[in-house]
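Note that the coordinates shown come from a computational prediction; the quantities given were computed from them, not determined experimentally. Letters A, B, ... mirror the listed sequences (proteins, then strands); counts begin at 1.
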Protein chains: 2
Amino acid sequence: MAGPSGSRGGAPAGEGRPRAARPTSRDVASRAGVSQATVSLVLGDKWRGRVSERTAEAVRSAAQELGYRPNLAARSLRLGRTRTALLVVPALTNEYFARVHAGASQVAADNGFGVVLYPSPEGVGPARGPFDSARAALDGVIASSMAARALTALRGGGLPLVMLDSDPEDTDAAATVNLDIAGGMRETARHLLALGHRRFLHLASAVDSWTFRKRARALREAVGAVPGTELSTVTAALGVDEARRSAEGALRASGRRPTAVVCDDDILAAGACKAARRLGLAVPEDLSVTGFDDLALATAVEPELTTVRLPAEQVGAQGMSALLSVLDGRPVATADLPVELVVRGSTAAPGVR
Amino acid sequence: MAGPSGSRGGAPAGEGRPRAARPTSRDVASRAGVSQATVSLVLGDKWRGRVSERTAEAVRSAAQELGYRPNLAARSLRLGRTRTALLVVPALTNEYFARVHAGASQVAADNGFGVVLYPSPEGVGPARGPFDSARAALDGVIASSMAARALTALRGGGLPLVMLDSDPEDTDAAATVNLDIAGGMRETARHLLALGHRRFLHLASAVDSWTFRKRARALREAVGAVPGTELSTVTAALGVDEARRSAEGALRASGRRPTAVVCDDDILAAGACKAARRLGLAVPEDLSVTGFDDLALATAVEPELTTVRLPAEQVGAQGMSALLSVLDGRPVATADLPVELVVRGSTAAPGVR
DNA sequence: GCGCAGACGTTATACGTAAAACGTGATGGC
DNA sequence: GCCATCACGTTTTACGTATAACGTCTGCGC
């Protein structure tokens, strides 16, 4: 690059500046010998009968040669839309949400949209940082109901909102994307009941969120429907170690030990397995353990976890699709996404040993 | 949903909407009884001696009352800068990169910057999607050297570039942020050598990247420095199961079995542990295993992994800081970030049993 | 040969902000 | 008394795009 005299000798006044500036639609126009408006029409695919094929082709090749890319800021200013959506999640370090993001990004990219994240850091009081600064440049928001703190800050944002994993009744969202959580938990219970388990421990997440409430309820109903069953519950804070501690306490507690531990997610299940080991219980011979989510973790531990696979990418993708529909004024069809019980090595019939 | 008349009906023609439009700087101006330019000066903190304190205060309170937020698109258009950075990583489902993102986001937010992600999907040929569409609206790029495919697309982007985990010699980046990978691997080797290990297996990542090459080299040097040691290597593709397969093959192979497996990351280490179990080897009694990264996984498996903790958030934070410095024309000071060997239950002296 | 309808483009304008260039009174030095 | 200075703002312009409103030219019916 940096030719001796420059191929872009436009410089109307003196201006010997090298100017590696990005070409604008006007540059394309002058190269194609048309007006800037025509460039905009052609490149915006709005020329069907207003511009000849010949001219359109000239514009396109001029744009190509110059490597023209429209200036998004200018476009956004003009249109009042930014083609950017905000994705609000608790934390990307949770593999589930990383996958949700991947799904949403894919659909967004396919539609010329961008995604900006608000990972809802813990200690934040009023909305700050990415959210606040991005707010001015957003077309819509996709939010997980688990990002509770950030949600309150979203009120009054005036932006179209799509909720993920959220109670459809509870929200003023334009659309909701949900998983068949209850179905997944029912399958889990059926599986364990079929193996012969009757005494259950529910290792529940301490996070207060719709999806966890739903898991608890579905489990209670499924187990309660069978006579002669018992179900106790213990909650655990985030992290494998916290889970282990809670599970260990609960398992050590009473005389009639449960034969199966149903966990709200795979992290908790990993903790339950560690608790069992500490108590000298073998999984699954002495104690069956089930997870939820089917993270990579589920096949990294030993034994591999029986768990419920969630189509996380699909959640993100559907969320973005729904948002795009809302923005276009199209109706959104929502249905619970199916989940799947994956039976692995952490469950077996009780009393094998 | 389906409210009686729709909460946000986009009535294209009628437009009897009371215009809940965002207030502009002009609205603030008229409310404060000044010109738009004055608002811009005051809110932009460029009024020191050009506007009276009284007037400035009037502007600020008018802005406050209206809930004024500057339109980012307009600002970007005017300034030619967007206060947005692109973070290029292989995948957020890798906890390490999710943490890098968290660190970068934090620093960005503190400086009024936004972060947009390019998670470099596998099969993408030329730059597409988020990258292409964001490209027009970026001030700079932070890229992990592990996002190889995306990197080639970055050439000629003409944007300030900060590289993460990359060979400082190899790149034309404006700055580089690195970890003391070699130090971490040396510590690992020292730990195992001190325990008495002499025969090592290196379970290496199949990903060709600077950080993995560095790990291999540091291990080779540290082990090679001690007489009477042996070191073999086997590579494994991504995923716990692939790792297990590779490790199992290598462990089953020869007569003189290694007593320690040094893995390029925690995922591989989890695979190595599973391989050991399959072969009837106890970890750490019969076989020591070490990881790298200290992901959540490291304490989820049993035994917990001896591994090298990487300050992932700091990598992201430093990367963003460096980019901000570059954009401001300030010099960037770079030094390798320290890592730490964390000794847990997966390593012990050989031949305990 | 006059007007009229396409077909094909162009001119002009607005989006909201930042900042350069330009007033405008009041004060003061001499 | 008159210009210079200063304190304090205002007018104006530009950023690059999309699009409404407005030409122009050619052919054609009558």
I'd like a table of donor-acceptor pairs (distance under 3.5 Å, sequence neighbours excluded) in which one partner is a side-chain atom from residues 83-94 of chain B, with atom names and distances.
from	atom 1	to	atom 2	distance (Å)
R83(B)	NE	G112(B)	O	3.3
R83(B)	NH2	N111(B)	O	2.7
T84(B)	OG1	T82(B)	O	3.2
N94(B)	OD1	Y96(B)	N	2.9

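With rounding to whole Å, W47(A) atom CH2 is found 21 Å from dA20(D) atom C1'. Atom CZ in R22(A) sits about 13 Å away from atom C1' in dT17(D), given to the nearest Å. At whole-Å resolution of the value, CG in D27(B) and P in dG16(C) are 9 Å apart. When the P atom of dA19(C) is taken as reference, atom CG of D45(B) falls 12 Å away, rounded to whole Å. Put simply, CZ on R81(A) is 15 Å from C1' on dA14(C), counting in whole angstrom units. Taking atom CG on L43(A) and atom C1' on dG16(D), their separation rounds to 13 Å, with Å as the unit. If you measure from atom CG of L66(B) to atom P of dG16(C), you get 14 Å, rounded to the nearest angstrom.
Contact annotation: S25(A) reaches the phosphate of dT17(D) (side-chain N/O to OP1 or OP2, under 4.0 Å).
One distance of note links CG of N71(A) with CG of L77(B); it measures 6.0 Å at 0.5 Å rounding. Rounded to the nearest 0.5 Å, atoms OG1 (T24(B)) and CG (L66(B)) are 9.5 Å apart.
Minimum interatomic distance between Y68(A) and P23(A) (heavy atoms only, all atoms of both residues): CD1-O, 3.3 Å.
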Name the pairs: protein N/O against N/O of nucleotides 9-15 of chain D, kept only if under 3.5 Å.
from	atom 1	to	atom 2	distance (Å)
dG9(D)	OP1	T55(B)	OG1	2.6
dG9(D)	OP2	S52(B)	N	2.5
dG9(D)	OP2	S52(B)	OG	3.0
dG9(D)	OP2	T55(B)	OG1	3.1
dT10(D)	OP2	S35(B)	N	2.9
dT10(D)	OP2	S35(B)	OG	2.8
dT10(D)	OP2	T38(B)	OG1	2.6
dC15(D)	O2	R78(B)	N	3.4

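Summarising the local packing, CD of E53(A) is surrounded by more than 12 heavy atoms from other residues, nucleotides or ligands at distances under 6.0 Å.
Listed by chain and number, the residues in a salt bridge (charged side-chain N to carboxylate O under 4.0 Å, His left out) with R54(A) amount to none (sequence neighbours excluded).
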